[in-house]
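Here the structure comes first, spelled out in structure tokens, and everything after it is commentary.
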Amino acid sequence: MKAVNALLILIAVVLAGGMPAFAQQGGTLSTYKLGAGDVISIKVFGEEDLSREKIQVSDAGTVPYPVLGELKILGRTVGELERQVTEGLRGRYLVNPRVSVTIELYRPFFVNGQVASPGAFPFQPGLTVSKAISLAGGLKERASVNKMYLLREADSSHTRAKVDMNSEVRPGDVLTVEESFF
């Protein structure tokens, strides 16, 4: 009986506008905040004219979108953007829009200092300092594992924080590995 009730609820959710974002993402909502440089796709099911593939978020944190104009998405999550587009299209343009937003390419993070190949690298979810250093070709001989600093893109004070190999790296962050003197 519980399975039948769950199925009826699922059918009602789909008929009311599709699966909620948490169900599409395995039961948890994404907390990733969209920013300049991210590349996203917006799909409106059954409405190819309103779907857009691989749109890069501008430096102002906006993306152009038909009918709704310039969408301000800086700092929004994928779920928040889905709701924004859904509500914008509902009523005047579509009765029951079903919208899906995916991140095609995350904005890069940066590694500099005592690594083999400093530069910008594409972000990957679950990235740590250790993995970032590996992407940058590993540590140079004179690198210090005790003098690694992270400048967070989201930190308006621009304060470098000391980190270790297991610290999280986020898109837009700048990792600096300094030189050891001994």
Side-chain angles (χ1 to χ4, degrees), residues 1-110 120-128 131-132 135 150-158 167-175:
M1 188 62 161
K2 288 182 183 180
V4 171
N5 287 339
L7 182 59
L8 290 174
I9 291 170
L10 180 61
I11 291 169
V13 167
V14 170
L15 292 175
M19 294 296 290
F22 72 88
Q24 295 172 357
Q25 299 170 359
T28 60
L29 290 174
S30 173
T31 59
Y32 178 77
K33 304 285 185 183
L34 295 166
D38 286 329
V39 176
I40 63 169
S41 290
I42 302 173
K43 180 173 174 120
V44 180
F45 296 99
E47 300 291 335
E48 292 305 315
D49 292 346
L50 295 175
S51 295
R52 293 293 178 264
E53 296 285 327
K54 298 183 180 176
I55 311 166
Q56 185 166 18
V57 179
S58 73
D59 59 343
T62 62
V63 293
Y65 190 76
V67 181
L68 302 179
E70 229 21 56
L71 297 177
K72 294 182 182 184
I73 66 169
L74 183 67
R76 294 186 187 268
T77 65
V78 168
E80 290 169 340
L81 180 55
E82 285 176 355
R83 282 189 293 282
Q84 179 183 2
V85 173
T86 299
E87 291 308 312
L89 295 175
R90 180 173 281 134
R92 296 186 306 181
Y93 303 103
L94 299 173
V95 175
N96 191 18
R98 292 183 303 154
V99 177
S100 173
V101 175
T102 56
I103 300 171
E104 299 293 337
L105 183 66
Y106 293 92
R107 60 192 178 276
F109 69 95
F110 306 87
F121 300 91
F123 174 78
Q124 303 165 13
L127 191 66
T128 63
K131 292 174 184 176
L135 289 171
L150 203 55
L151 180 62
R152 297 269 185 215
E153 179 185 56
D155 182 7
S156 59
S157 69
H158 303 291
S167 297
E168 176 187 24
V169 176
R170 301 178 194 141
D173 287 354
V174 179
L175 173 63

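In this structure, Asp173 contributes its side chain and Phe109 its backbone to no donor-acceptor pair below 3.5 Å. Within the 3.5 Å criterion, the main-chain N or O of Gly126 finds a donor-acceptor partner in the side chain of Lys131. Formation of a donor-acceptor pair under 3.5 Å by the Asp155 side chain with backbone atoms of Arg152 is not found in this model. In terms of modelled atom types and a separation under 3.5 Å, the side chain of Glu47 and the main chain of Val44 share no donor-acceptor contact.
Put simply, the side chain of Pro66 reaches to within 4.5 Å of the side chain of Arg52, judged on heavy atoms. Between Pro125 and Tyr106, the closest side-chain pair of non-hydrogen atoms falls below 4.5 Å. A heavy-atom distance below 4.5 Å is not found between the side chains of Val78 and Thr102. Under the 4.5 Å side-chain criterion, counting only non-hydrogen atoms from C-beta, Leu135 is in contact with Leu127. Under the 4.5 Å side-chain criterion, counting only non-hydrogen atoms from C-beta, Ile73 is in contact with Val57. Considering only heavy atoms from C-beta on, Ser100 comes within 4.5 Å of Glu82 through its side chain. Contact annotation: the side chain of Leu34 never approaches that of Leu74 to less than 4.5 Å [non-hydrogen atoms, C-beta and beyond]. Within the 4.5 Å cutoff, the side chain of Ile40 has no heavy atoms near those of the Glu104 side chain.
Scanning both residues, Glu80 and Arg76, for their nearest heavy atoms gives OE1-CA, 3.1 Å. For the residue pair Tyr65 and Leu89, the shortest heavy atom distance occurs at OH-CD1, 3.9 Å. Nearest heavy atoms, Phe123 versus Val169: CE1-O, 3.1 Å.
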Criterion side chain to side chain contact (heavy atoms under 4.5 Å, CB included) on Val99 and Leu81, from CA distance to verdict: CA-CA 9 Å; Val99 177; Leu81 180 55; over 6 Å; no
Trace of the side chain to side chain contact (heavy atoms under 4.5 Å, CB included) decision for Asn96 with Arg90: CA-CA 6 Å; Asn96 191 18; Arg90 180 173 281 134; 3.8 Å; yes
Verdict with reasoning, Tyr32 to Ile103, per side chain to side chain contact (heavy atoms under 4.5 Å, CB included): CA-CA 10 Å; Tyr32 178 77; Ile103 300 171; 3.4 Å; yes
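The pair Arg170-Glu168 meets the salt-bridge criterion, with a side-chain N (NZ, NE, NH1 or NH2) lying under 4.0 Å from an Asp/Glu carboxylate O. Between Glu153 and Arg107, at least one side-chain nitrogen of the basic residue sits less than 4.0 Å from a carboxylate oxygen of the acidic one, meeting the salt-bridge criterion.
Note that CD of Glu87 and CG of Leu68 are 11.0 Å apart. Values are rounded to the nearest 0.5 Å. Residue Thr62 holds its OG1 atom at 4.0 Å from CD of Glu70, rounded to the nearest 0.5 Å. Here the straight-line distance linking atom CG of Leu150 with atom OG of Ser167 works out to 7.5 Å at 0.5 Å rounding.
Using modelled atom types and a 3.5 Å distance limit, the side chains of Ser58 and Gln56 yield no donor-acceptor pair.
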